[in-house]
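Keep in mind the model is a prediction, meaning the values are calculated, not measured. Worth knowing before you read on, the calculation uses all heavy atoms, side chains too, and leaves out hydrogens, waters and symmetry mates.
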Amino acid sequence: QVQLVESGGGLVQAGGSLRLSCAASGTIFSLNAWAWYRQAPGKQRELVAAIAPGGSTSYTDSVKGRFTISRDNAKSTVYLRVNALKPEDTGVYYCNAVYGYSGNYHPEYDDWGQGTQVTVSS
């Protein structure tokens, strides 16, 4: 059974940075594309960044140039570096394996982790 454990969130001022981590187990990590999702208060979960098995990346427009997704297959971990944070980046960040293709990814697993809270103050 897959387990996803997110960490690295916190309370930061606008303009600050964080590095989020997601450790995965129970899956063949290197074969999957992986993505970070964000759920803002009162809103649906949205995909913000994805990375394919070969390393190609894609981002939603609102985070391009500020967020960087990366992966370490040896550690079965996917990272999200978030820079120049804005109050609208506030939310709970989750990771999941994804299937599909850039611009049309879907979460692989029904069981999500607990997420990590990012709160950006203005």
Inset, instruction - Ignoring hydrogens and angles, tell me if any N or O in the side chain of Arg38 forms a donor-acceptor pair with the backbone of Thr90 under 3.5 Å. - result: no
Legend entry - Electrostatic pair Asp61-Lys64, nearest N-O below 4.0 angstrom: yes
Less than 3.5 Å apart, which donor and acceptor atoms pair up between the side chains of residues 12-20 and the rest of the protein, not counting sequence neighbours?
residue, atom, partner, partner atom, Å
Ser17, OG, Asn83, OD1, 2.9

Inset, instruction - Kindly indicate whether the side chain of Leu85, heavy atoms from C-beta on, has any atom under 4.5 Å from the side chain of Phe67. - result: yes
Inset, instruction - Decide yes or no for Val78 and Ile51: does some side-chain heavy atom of the first lie under 4.5 Å from some side-chain heavy atom of the second? - result: yes
Inset, instruction - Keeping the roles fixed (side chain from Thr119, backbone from Leu11), state whether a donor-acceptor pair exists under 3.5 Å. - result: no
Legend entry - Heavy-atom donor-acceptor pair, Gln39 side chain to Tyr93 backbone, under 3.5 Å: no
Inset, instruction - Spell out, yes or no, whether Val48 and Val120 are grouped together once hydrophobic residues are joined by side-chain heavy atoms under 4.5 Å, including indirect joins. - result: yes
Legend entry - Ser58 side chain to Ser102 backbone, donor-acceptor under 3.5 Å: no
Inset, instruction - Please check if atom CD in Glu88 has more than 12 non-hydrogen atoms from other residues, nucleotides or ligands closer than 6.0 Å. - result: yes
Legend entry - Side-chain heavy-atom pair Arg66, Val82 within 4.5 angstrom cut-off: no
Legend entry - Distance-minimising heavy-atom pair for Ala24 and Phe29: CB-CD1, 3.9 Å
Legend entry - Exam field: side chain Glu108 to backbone Ala97, donor-acceptor pair closer than 3.5 Å: no
Legend entry - Partner set under side-chain contact (heavy atoms from CB on, under 4.5 Å) for Tyr101, not counting sequence neighbours: Asn104
Legend entry - Nearest heavy atoms of Gln117 and Val92, plus distance in Å: OE1-CG2, 3.2 Å
Inset, instruction - Taking all non-hydrogen atoms of both residues into account, name the closest pair between Pro107 and Tyr99 and its distance. - result: O-CE2, 3.4 Å
Legend entry - Parallel, tilted or perpendicular, as decided by the 30° and 60° cut-offs, for the rings of Tyr94 and Trp112: perpendicular
Inset, instruction - Report the distance from atom CZ of Arg71 to atom OG of Ser76, rounding to the nearest 0.5 Å. - result: 9.5 Å
Legend entry - Closest non-hydrogen atom pair, Gly91 against Pro41: CA-CD, 4.5 Å
Inset, instruction - For the pair Asn32 (side chain) and Trp34 (backbone), establish whether a donor and an acceptor sit closer than 3.5 Å, ignoring hydrogens and angles. - result: no
Inset, instruction - State whether a side-chain donor-acceptor pair under 3.5 Å links Tyr109 with Thr27. - result: yes
Inset, instruction - For Trp36, check ring-ring contact (aromatic ring centres under 6.0 Å, His included) against everything at least two apart and list the hits. - result: none
Legend entry - Nearest-0.5 Å distance that lies between atom CD in Gln3 and atom SG in Cys22: 11.5 Å
Inset, instruction - Please confirm whether the backbone N or O of Ile69 pairs with a side-chain atom of Tyr59, one donor and one acceptor, at under 3.5 Å? - result: yes
Inset, instruction - Looking only at non-hydrogen atoms, find the nearest pair between Ala49 and Leu80 and report the distance. - result: CB-CD1, 3.9 Å
Inset, instruction - Tell me, yes or no, whether the heavy-atom count around Ile28 atom CD1, taken from other residues, nucleotides or ligands under 6.0 Å, exceeds 12. - result: no
Legend entry - Residue pair Tyr37 / Arg45, side-chain donor-acceptor N/O under 3.5 Å: no
Inset, instruction - List the steps and the verdict of side chain to side chain contact (heavy atoms under 4.5 Å, CB included) for Leu47 and Thr60. - result: CA-CA 7 Å; Leu47 188 151; Thr60 193; over 6 Å; no
Legend entry - Check: Lys75 main-chain N/O paired with Thr77 side-chain donor or acceptor under 3.5 Å: yes
